[in-house]
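Here the structure comes first, spelled out in structure tokens, and everything after it is commentary.
Note that ligands are numbered from 1 as they come in the structure, with each ligand's atoms numbered from 1 the same way.
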Amino acid sequence: MPHHQILVLPGDGIGPEIIAEAVKVLECLRQEHGLDATLDYGLLGGRAVDELGSPYPEATRRQAHAADAILLGAVGGPKWESLDRPLRPERGLLAIRADLQLFANLRPAILHPQLAAASSLKPELVAGLDILIVRELNGDLYFGQPRGIRTLENGEREGFNTMAYRESEIDRIARVAFEAARKRQRRVCSVDKANVLEASELWREVVERVAKDYPDVALAHLYVDNAAMQLVRAPKQFDVLVTGNLFGDILSDCAAMLTGSIGMLPSASLDAYGKGLYEPIHGSAPDIAGKGIANPLATILSAAMLLRYSLNQPALAERVETAVGRVLNQGLRTVDITATGMTAVGTQAMGDAVIAAL
Ligand code: IPM
Ligand code: MG
């Protein structure tokens, strides 16, 4: 195994607590299962603003460029909400995504059968659910120029953003989706708003063009409003969903809830060469920070994705995922996924149980 450099960015809120458990898992793999990696620590988000004056400081930027993969907790919290926009923690996250050109955001929504009762949908609608959302992460309203808040001639202020997608950006994310579909059920559903938006009209045209290179994969299109409805009506109809940055942000939270808890879902944000940033899709949850009750499984599963996609260690990734399954089978639940009659365990106890199951 080549030596790997992993940058760990605990972040804010529950970030440090859940990252500590994922780090325990990586350390265990290092000591007992042959993982050859060095862990390095850095600052991103609110704590980075407090200590270094920027949500994505130059020191972190250098560490991030040197690393093979990055594991992130979560950023943000009420303490930093009223800062000037460039200093807000979320800006740090957007900056690292843009700076490292992490354009392909993979958000699997898998229902662990043990958690069917925790879903907000009826168990039969979600049993066996396995969706992969492929969200474009470097374009769209998130980064389009011009943007801002301007004062009109009559003195009224207007906020504005630009939704823009280039052919090359659509082409490369579509290819990620089709390649992923080839390893799954070979079905891609592209989500847009082509009945209203030019950016979506081009999106659809380019996705159609890319599809010609994947005749073995079935392509369908949905408008985003319909896609949102279908996700809560009959989510199992989907295999791979590919969409732009904003629609993907919204639909992935929605898909997360189908699986019982947003505390279960990992994500990967990849560049064109397999370098990636891995983070749970839930946020920093300031309301429960410091209480030791946050669910570390999404972060532990993000570490598994890191092992698979950036370190090319599928066997170690599977070992972690199997351990998480075992722990759920044993009936261990953090408070976000408990069912009636179950006692919740804390963040550390959950992490310890995963280590024991490794
Ligand atoms: C996500 C989050 C981020 C986003 C925020 C924190 C900037 O919601 O990763 O889904 O909107 O991309
Ligand atoms: Mg989001």
- Task: Please lay out, stage by stage, how Phe103 and Val176 fare under the test side chain to side chain contact (heavy atoms under 4.5 Å, CB included).
- Result: CA-CA 10 Å; Phe103 71 92; Val176 170; 3.9 Å; yes
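- Taking a cutoff of 4.0 Å between a charged side-chain nitrogen and a carboxylate oxygen, Arg62 and Glu58 qualify as a salt bridge.
- Assignment of Arg97 to the shell around ligand 1 is supported, since a heavy atom sits closer than 4.0 Å.
- Here the side chains of Leu241 and Leu132 are not in contact, with every heavy-atom distance at 4.5 Å or above.
- Taking distance alone, with nitrogen or oxygen atoms compared against 3.5 Å, Glu90 stays at or beyond that limit from ligand 1.
- Counting the atoms of ligand 1 from 1 in the order shown, those under 4.0 Å from a heavy atom of Arg135 are 1 (C), 4 (C), 9 (O), 10 (O), 11 (O), 12 (O).
- Counting only heavy atoms of the protein, atom 11 (O) of ligand 1 lies nearest to Tyr142 OH, 2.5 Å.
- At a 4.0 Å heavy-atom cut-off, ligand 1 does not touch Arg91 at all.
- The Mg ion (ligand 2) has no N, O or S atom of Asp253 inside 2.8 Å of it.
- Protein heavy atom in closest approach to atom 1 (C) of ligand 1: Arg107 NH2, 3.3 Å.
- Of the candidates Leu72, Leu9, Val75, Leu9 is the only one forming a side-chain contact (heavy atoms from CB on, under 4.5 Å) with Ile96.
- Geometrically, Arg61 does not engage Tyr56 in a cation-pi contact defined by less than 6.0 Å to the ring centre and at most 45° from the axis.
- Relative to the ring axis of Phe160, Arg150 places its NZ or CZ within 45° and under 6.0 Å from the centre.
- Among protein heavy atoms, atom 2 (C) of ligand 1 sits closest to Asp249 OD1, 4.0 Å.
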- Item | Check against side chain to side chain donor-acceptor pair (under 3.5 Å), Arg97 and Asn138 | CA-CA 7 Å; Arg97 286 173 179 172; Asn138 283 173; over 6 Å; no
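- Looking only at N/O/S atoms, Asp249 comes nearest to the Mg ion (ligand 2) through OD1.
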